[in-house]
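Note that the structure is a prediction, hence the values are computed from the model and not measured. Naming convention: chains lettered A, B, ... in sequence-line order (proteins, then strands); numbering from 1 in each chain.
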Amino acid sequence: VLHATRPLHTTQQCLAPLPPLPEKGGEVRYGLIPEEFFQFLYPKTGVTGPYMLGTGLLLYFLSKEIYVINHETVAAACILSVIIYGVKKFGSNVAAFADKLNEEKVAKALAVKNEAIKDLETAIEQEKKEQWRVEGRSYLFDAKRNNIAMLLETNYRERLLMVYNEVKKRLDYQVAMQNLKRQKEQDHMIQWVEKNVIQSITPQQQKESIAKCILDLKALSKSAQAAV
Amino acid sequence: MNLSFFDQFTSPCLLGIPLILLSLLFPALLLPAPDNRWVTNRLSTLQLWFVHLITKQLMIPLNKAGHKWALILTSLMTFLLTINLLGLLPYTFTPTTQLSMNMALAFPLWLATLLTGLRNQPSASLGHLLPEGTPTPLIPALIMIETTSLLIRPLALGVRLTANLTAGHLLIQLISTATTALLPIIPAVSILTALILLLLTILEVAVAMIQAYVFVLLLSLYLQENI
């Protein structure tokens, strides 16, 4: 109906957003008769008007046997009482259940939205942190540079030490060689001198030296006896 | 009007115009059409929830090929449920009390399940005629029995629904007649009878819902065997 009355192509055709559902349904009295009927009759017949109308109609139908009371009436009374009892007892529960279903549906969508918002906020914080980290980049590079310089220095000194040690080893070897050579020469010379001296001792000299030693000993023994 | 007991089972006619089609299609007018909205009013929400419940229950035991039957089984369930429940109101005609209508529902659907089974997996379908673990001498007799039970299924489906509903309605009529007749004579017994009628009405509401459910459930079971 709306589309028929709207002039063609004068407004932007838009089916969204849909008009919201009304908060409550139409007011009814006794679950059947809309409140507007009572309001309609009120100016002319007052408050009791519709009730008089209803009673009159009912009595008219009954008395003229337009509505005959037969077994269906009793059955009608029974089923209607069952229905009314059911509606009164479980009506609010069913309504709450339907509302809960709708709530869950909306809550699920809201949860998705909130999750997305939270994820984005975390991402923003992490980005800010990364930006802060970028500011400290120069310190990081300085420290790294120092580190590397120290490593290089250490490496250089180690190699220097190694060179020094190697050179010292070689020089020590030469020194040891020289010492050994001199030692050997010395020993050899001493041995040669001793050999020659021993060879030069003639047997005559040997006898003379032994006789002298005996005379010396005797003299010493005499002086020794005197001491005792 | 003075009603006999069987006037409620005659197909409604107005000035010679049969109204059976109207009485079949009318319950559909009472169900709210799905709106364009995401969050609907309470009635639409409940209807949607109910349809989801039925469809899920029916489709869980079926494999993927069986899901093609979702629409017809769910709509059959809703159809039978609304017709049965509306028939409990006074002066209404219940189409499912007519054997012709129930056979027209049961026979083609059962035949569809049978032919699907014979077409797609003939040996498995025929294998259902012999339960596992039967002793060998009993096999011929058992196959005859199982075939008979297979062929009697549509009849059973239709007659079950018809008989349950017709018997229920007839009982309501009889007991309410008893109540009406006893009221001027012995009001006390009349009130007792009215109490019985109340209980019977509650039973009939339950039966209406259960019979619809059983019809659709059995069809889905026949489908499970054959798809």
Side-chain angles (χ1 to χ4, degrees), chain A residues 2-3 13-26 28 31-32 61-62 64-87 89-113, chain B residues 1-8 32 35-50 52-53 85-93 168-184 190-191 193-206 208:
Chain A
L2 183 64
H3 295 262
Q13 284 202 359
C14 185
L15 289 171
L18 287 168
L21 286 172
E23 280 288 321
K24 300 159 68 79
V28 270
L32 272 181
F61 286 142
L62 283 174
K64 286 264 197 172
E65 298 233 327
I66 296 174
Y67 177 73
V68 177
I69 295 203
N70 48 16
H71 56 272
E72 289 268 14
T73 314
V74 179
C78 275
I79 187 74
L80 282 176
S81 55
V82 167
I83 289 175
I84 290 175
Y85 173 74
V87 166
K89 186 131 190 260
F90 302 115
S92 48
N93 287 347
V94 168
F97 178 68
D99 286 337
K100 190 166 69 94
L101 286 174
N102 275 345
E103 279 296 309
E104 280 171 12
K105 204 171 171 189
V106 172
K108 257 198 278 194
L110 273 179
V112 167
K113 184 181 93 162
Chain B
M1 48 211 141
N2 286 326
L3 292 173
S4 77
F5 290 133
F6 300 107
D7 280 340
Q8 63 176 325
D35 202 358
N36 234 355
R37 303 168 166 272
W38 181 50
V39 177
T40 50
N41 54 0
R42 284 173 182 166
L43 197 55
S44 297
T45 315
L46 286 172
Q47 180 195 343
L48 193 64
W49 165 80
F50 188 60
H52 278 171
L53 189 71
L85 284 174
L86 280 176
L88 288 169
L89 295 171
Y91 300 108
T92 47
F93 168 68
H169 285 226
L170 212 51
L171 259 179
I172 290 181
Q173 302 301 316
L174 288 171
I175 297 188
S176 44
T177 312
T179 317
T180 322
L182 284 174
L183 196 56
S190 175
I191 291 181
T193 325
L195 234 68
I196 294 178
L197 185 59
L198 205 60
L199 295 172
L200 184 66
T201 314
I202 299 174
L203 178 68
E204 276 309 306
V205 170

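- Between chain A and the options B:T180, B:I202, B:V205, heavy-atom pairs under 4.5 Å are most frequent for B:T180.
- For chain A, the nearby parts of B:S176 are the backbone and the side chain; heavy atoms of each come within less than 4.5 Å.
- For the atom pair OG (B:S44) and CG (A:L101), the distance works out to 12.5 Å, reported to the nearest 0.5 Å.
- In this structure, the separation between CD on A:E72 and CG on B:D7 is 9.5 Å, given to the nearest 0.5 Å.
- Both the backbone and the side chain of A:V106 come within less than 4.5 Å of a heavy atom of chain B.
- The contact between B:T179 and chain A is made entirely by side chain atoms (from C-beta outward), counting heavy-atom distances below 4.5 Å.
- Of the listed residues (B:T45, B:V39, B:L89), the one with the most heavy-atom contacts under 4.5 Å to chain A is B:T45.
- Qualifying ring-ring contact (aromatic ring centres under 6.0 Å, His included) partners for A:F61, counting only residues two or more places apart in sequence or in other chains: none.
- Smallest separation of non-hydrogen atoms from A:L21 and B:N41: CD1-N, 3.6 Å.
- With hydrogens and angles disregarded, no donor-acceptor distance shorter than 3.5 Å links the side chain of A:D99 to the backbone of B:R42.
- When each of A:G86, A:P20, A:S81 is scored by its heavy-atom pairs under 4.5 Å with chain B, the top score falls to A:P20.
- For the atom pair NZ of A:K100 and CH2 of B:W49, the computed distance is 10.0 Å after rounding to the nearest 0.5 Å.
- Heavy-atom distances place no part of A:L80 under 4.5 Å from chain B, backbone and side chain included.
- With a 4.5 Å cut-off on non-hydrogen atoms, B:A194 touches chain A through its backbone but not through its side chain.
- Ranking B:R37, B:Q8, B:Q173 against chain A, the residue ahead of the rest is B:R37, based on heavy-atom pairs under 4.5 Å.
- The ring-ring contact (aromatic ring centres under 6.0 Å, His included) test applied to B:F5 returns A:H71, not counting sequence neighbours.
- Scanning both residues, B:Y91 and A:V68, for their nearest heavy atoms gives OH-O, 4.0 Å.
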